[in-house]
Each structure stands twice: as structure tokens, then as C-alpha cells.
2 protein chains.
Amino acid sequence: MVQIPNPPASTQSPAPRSVPTSADVARLAGVSRATVSYVLNNTSAVRISEPTRRRVHEAAKELGYVPHAAARSLRAGHSRMVLMPAPPVPAGPLYSQFVHDFQGALSRLDYTVVQYGASGLRGDDAARAWAELRPVAVLVPGPGLGPEGVDILKRSGARAVVTLSSERVEGAHALLMDHDGVGRSAATHLYARGRRRIGVVVPDERGMDMFSVPRLAGARDALRDTDATVTVLPLAFTEESAAELAAQWPRLGLDSVFAYNDEYAMLLMRALQDEGVRIPEDTAVIGADDLLLGRLLRPRLSTVRIALPFGRDLAELVDRAVRNPGAAPEAHELLAATVVHRDSS
Amino acid sequence: MVQIPNPPASTQSPAPRSVPTSADVARLAGVSRATVSYVLNNTSAVRISEPTRRRVHEAAKELGYVPHAAARSLRAGHSRMVLMPAPPVPAGPLYSQFVHDFQGALSRLDYTVVQYGASGLRGDDAARAWAELRPVAVLVPGPGLGPEGVDILKRSGARAVVTLSSERVEGAHALLMDHDGVGRSAATHLYARGRRRIGVVVPDERGMDMFSVPRLAGARDALRDTDATVTVLPLAFTEESAAELAAQWPRLGLDSVFAYNDEYAMLLMRALQDEGVRIPEDTAVIGADDLLLGRLLRPRLSTVRIALPFGRDLAELVDRAVRNPGAAPEAHELLAATVVHRDSS
């Protein structure tokens, strides 16, 4: 980073001022602190005259007073914060879009959504770190949270804990991601197209195993007790790794490959084409995620389309759970997988 | 979403319990609340015996007590929370990686990073919503925050406000994103390659204008007082939109195009190739971002490489600013743009 020299005066910060409190607002407006609280929290239980309301709002504005969400939630007994830990790997396009929609839907229901940055903490330690922010609901992507962690979150005031994973966790609502089903669909498709020596790409990148392990297991499961074989193909998301794998292709003797997702499929397809492997004649290729880029490839990429939940449906589930914290945990199947057959398989 | 019926018993939640407080921990451990606070906050100012420490930790564990980050920060006068509002559009791959690295670097410096979900709020209203969480620092991507907003954040206790934008905002540290420079580099390259009728893609998608407007302005700027013309090409990120644009190609009479970024370049290049336009003979194409996918295209895509800040450097800037809130705002140039010339231009 190149630092730019500062202009000499005007932009210098003044010494930090003290943070204005609701007591300051009360003093300036000539009302009690309770009145300030009633007005700024829009309490309808107490009748307050319009001129008084206006005086409080004007005083708050003049002082730059902003209510403290946490202090307010301490009083109210709960916050409106929905906390989502960030996944352990940078988000892909499908997940980014899902998070964006989900956040929009929750904020329309008047929740504040925060994504908690990857902290390097795991299991109960992670749960304790999240609990410190006193969220009213927590949506945990991926595995790692156990019943103890759910308990820590609930004891700290979370009314709903929702997991986005392949397994149910006791005490939590479950959005069950059927990554096995993605692998199963891909392998079943390749088998039905007459392929018998089937490769399955497993990304080398750290943190991806939470998706790639069940996808591989699903593919194996679909081909159990058939005459097909499964070959595991480790692949890093680099041109070099793909070229290395493609160079081994004659020796591997595969007639098809499930390439983990569309991005890895694009990478591998290019390397195979550069090696003179004809797609789909010599090797059929199928990806997953149904990204636009797959339709832009030639041959057009076959893929497994994955239906993530609609942000709105999920936001409503969270809201329902928050309103009714004693209800039995719900479980929903997600990630319905359907094959989109194009030209590469 | 398909709901799965619940098993009849065991997973039913018990009625919510009350949230344990530090007073509960003090009672169980047989110590004062102050001692609980000293032990759990690792205060070194007060000497506390090892057996007492152990008793407090055991009591906290038994009760499932987690300190309240906000209550603690109320006492300490500041939090360790760095707040990043989410950008108004789903994050692209370059930005996702940057955020991931930045969060990792800050958490190694013992900060908690939270991304504040797209709330639909703008300007000072957004600043007030962020201020309610009482972050110690705020990193704002994109324009929209003015000096008033910076002031609201600082008055609520933020020691550092950092903007990631093309303009400096009074009172805030600035990471200046030179999107103009991206457009300037692309246009200068096309001109140097002998192209004179230059198209510039402007995405139709909402929220992208914060990048596309300066990129277009930079391209125009680079070609001012030359014999080249600039044609604005609106394009949505769909095959249909690209096919429509490609069908008009003969009428447009362009010899080159700066396609906003590599993803739009890939989309448009495919549509042009499908229309029989030869790349680069008939039309030169250049993208931006230097994504891996551009190297996978044939011809290989020329691009503008953009150097985002290293997460660690930026984390250190935030830490420095938090430790020294009275210091003059720093400004750093980001997004150094360099052309990577491959085969498509």
C-alpha cells in the first residue's frame, strides 16, 4: 500500500470526545432518562406527547446519541441480532448469493444480521465466542457445533440455533444439506450414460472437505454393487495441478469424471482438451452448482443443480423459532439435487 | 423446503432457562462479583490465587456462563469488534478472498470481525445502525458514508473509521480504490494495440455502478483528445443479454471492447464467438480482475490485474488506528492496475 501524505491541517482529528449517553439527552431535552428510553425505543405502552417526543429526538440528534444495541437488549432481555459465522473457506458464488438474499429477508423482518468472521476457533470455543455477542438466533453453516455448543448458545440467550449441515444436532433446528445426494446424482447420471470407470475430483483446498467428503461418499454409494469403479482425483484449483492430472489421463483409463463443481470442471475440462482428450467421446464430464459459466463452455457442461433454500423461507423459519423458543426443533431437507444434462456427458 | 417430521420425544427442547449471570458464578464459587470479573477478563492488575481462579472457571463452566461482550465493553470503554458492512451486491471471488484474509489477520490481532448484513439503510441511517453495535473500528466498503456518518460512528465510540472508496471522507482513514485507473489501463492498452472504436461494458445489475461508473470514466479519460471513440454497452449477466448485444455487433462497428471484468468478458466473448466474430482479429477483448477462468478461455483473456491490499497490512492499519485514535487520518492508494496481455487483444 502506498501511503499518501496528509494535508497539513483541517483533516487532523480532534481529541476523541466522550460518548454521549441517554442521560446527556435527558438533560438537554429536560426530561427523565426513562422518557428518553420510551421515545427512542418507540415504546407504545407509555403515552408521551408529540412535543416531548420531538424534543427528545432533537436532543439526540444534536448530541449524536445512538442507542446502544447491547444495553437495549440487556434491558429487553434479548437482541434482534442474528449471527452467522462465516464459513471456513472464502464463499463461492452460490453461497454469496444465498447469504445476500437471506440477510435481505431477515432485515425486512427487522433483524440485524451479522456474519461473524472466521476466528480460527472450533467447537465449544467458537460457540462461546459467538455467545458473547448475545445473538437472538444463530445460523451455523457446516459441521463442528455439537449439543454442548447449542446449549452454550441457548444459555446465553439465543432463542434459536439453526445448523446448515448434513447431520442433526440435538437442540438445534436443522437445515440438512444433502451433499451425498449431489454425488449420488452425478454418479448415477454417468452410470446411466454407460460410463463405468468414473473419476471423482476432490479439491485439495483446505476446508472444502466439508462438502467434498459427502459428495464422494454419495458417488461411491450410488455405484456400490455395480460394475463401475470410482477413482479419487485430488486436484488443486490451479492450472498446474490440472495439467498434471490431465497428463496422467491415459494411465488412469477413466471414461468419465464428476468434477466436484462447475469451477473445477471448467479447470479440468480445459486441461483435458489441451491434452487432446475429446469430451464427451473419450471422457464425460459433469460438474455441480449450475453456474452460468458452465453453459458458456464448449461442449456445454452437464451439471448437478442444487436448490439452496430461498432466503425468505429461511428468514421466516428463524423468525418463527425466535418467537417460539420452546417449540420442538424443526428439520428441513435442503439442496435438492437434479441433473442438468448438456453436452459434456 | 421439505419439513421432516420430528421424532416424538428426546429432541424436544426444555423450556428456556434464564441466562446465567456473573452473580450466579460468584455465588457458586463463593467469591465476589468483582473477583469473577477479574478472573474471567484476565485482569493482571489484581493478584488472585490459583485455587480461586480455578474455582471461578469451574463455576462458570458448570453454569454455562459466557461473558457478555457488550457489558464487558461498556466497562472497558470500548469493544474489540471491527464492523464491516457487507457490500450492496453479492461478493465476487476477489472480494470474498480479500474479506477472508482480512478477517483472519484481524482475529490473529485478537479482534472480532463482524460483517453487517445489507440492511437497505443508507448514509447516516446506516451509520446509526452500525453505531448501535458499538464497534471499536468500522471498515466501510464503497461510497455513501459522509463526514456526518463518520462523526456518528466516532461519537458512539468507534476509534477508527476506514473507508474503501474512490474518495476521501473527512475524519476517516481512506483506502482509495482507483477504479478509474482500471478503466484507464484497459483503454490505453486497446489504443496501443491500434484499436480506435472501443466499447465499454457497463453491467445492468443493481449496485455495480459503484465500480462501473469510475471504470467507464477512466476509459473515457484515457481516450480524450485521441482519434478513438467510446461506446457504452449495457449488459446483464445472462446469456440472453449477451446474445442480444452480440447480434448488434455488425451495426456497432467496434474493433475492441473493455468488458468490465473477466466474468462479463467470458460471457460476451462466448456470445461474440457464437456469432462468428473472431477474437482478437475482428474484435479485441480485455477484462479485469485476472481470475483463473480468463486463463482457461481460448483465446486466453487479456485482463487488468488489480492488487487488493494484503489482509495483514490492512489489519495492522486498523490496529494502529485503534491504538492511536487521535492521529491524523491516513490515506493509502489501493488497486494498483496493471495490464496482463494475453491472446484476446
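In the text below, chain A, chain B and the rest are named by the order of the sequence lines, each starting its count at 1. Not measured: the values here are computed from a predicted model.
- If you measure heavy-atom distances from A:D101 to chain B, you find no contacts under 4.5 Å at all.
- Other residues, nucleotides and ligands contribute over 12 non-hydrogen atoms within 6.0 Å of the CZ atom of B:R342.
- Between A:E263 and B:L293, every side-chain heavy-atom pair lies at or beyond the 4.5 Å cut-off.
- Neither the backbone nor the side chain of B:R108 comes within contact range of chain A, judged by heavy atoms closer than 4.5 Å.
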With side chain to side chain contact (heavy atoms under 4.5 Å, CB included) as the test, would you mind laying out the steps for B:M266 and A:M266 before giving the verdict?
CA-CA 12 Å; B:M266 179 183 184; A:M266 179 183 185; 3.5 Å; yes
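- Residue contact with chain A, scored on non-hydrogen atoms closer than 4.5 Å, involves the backbone and the side chain of B:L296 alike.
- For CD of A:E148, the number of neighbouring non-hydrogen atoms (other residues, nucleotides, ligands) closer than 6.0 Å is 12 at most.
- Proximity of B:E132 to A:R80: side-chain heavy atoms (C-beta onward) are nowhere separated by under 4.5 Å.
- In terms of heavy-atom pairs under 4.5 angstrom with chain B, the leader among A:L106, A:V99, A:L63 is A:L63.
- Proximity to chain A involves both the backbone and the side chain of B:L267, based on heavy atoms less than 4.5 angstrom apart.
- Residue contact with chain A, scored on non-hydrogen atoms closer than 4.5 Å, involves the side chain of B:M81 exclusively.
- Distance CZ/B:R298 to CZ/A:R270: 4.0 Å, rounded to 0.5 Å.
- For chain B, no part of A:L83 is nearby; none of its heavy atoms comes within less than 4.5 Å.
- Taking a 6.0 Å sphere around CZ of B:R295, one finds it holds more than 12 heavy atoms contributed by other residues, nucleotides or ligands.
- Neither the backbone nor the side chain of A:Y111 comes within contact range of chain B; no heavy atom of the residue lies under 4.5 Å from a heavy atom of that chain.
- With chain A as partner, the option from B:V82, B:V114, B:I152 having the largest number of non-hydrogen pairs under 4.5 angstrom is B:V114.
- There is no contact between B:F98 and chain A, counting heavy-atom distances below 4.5 Å.
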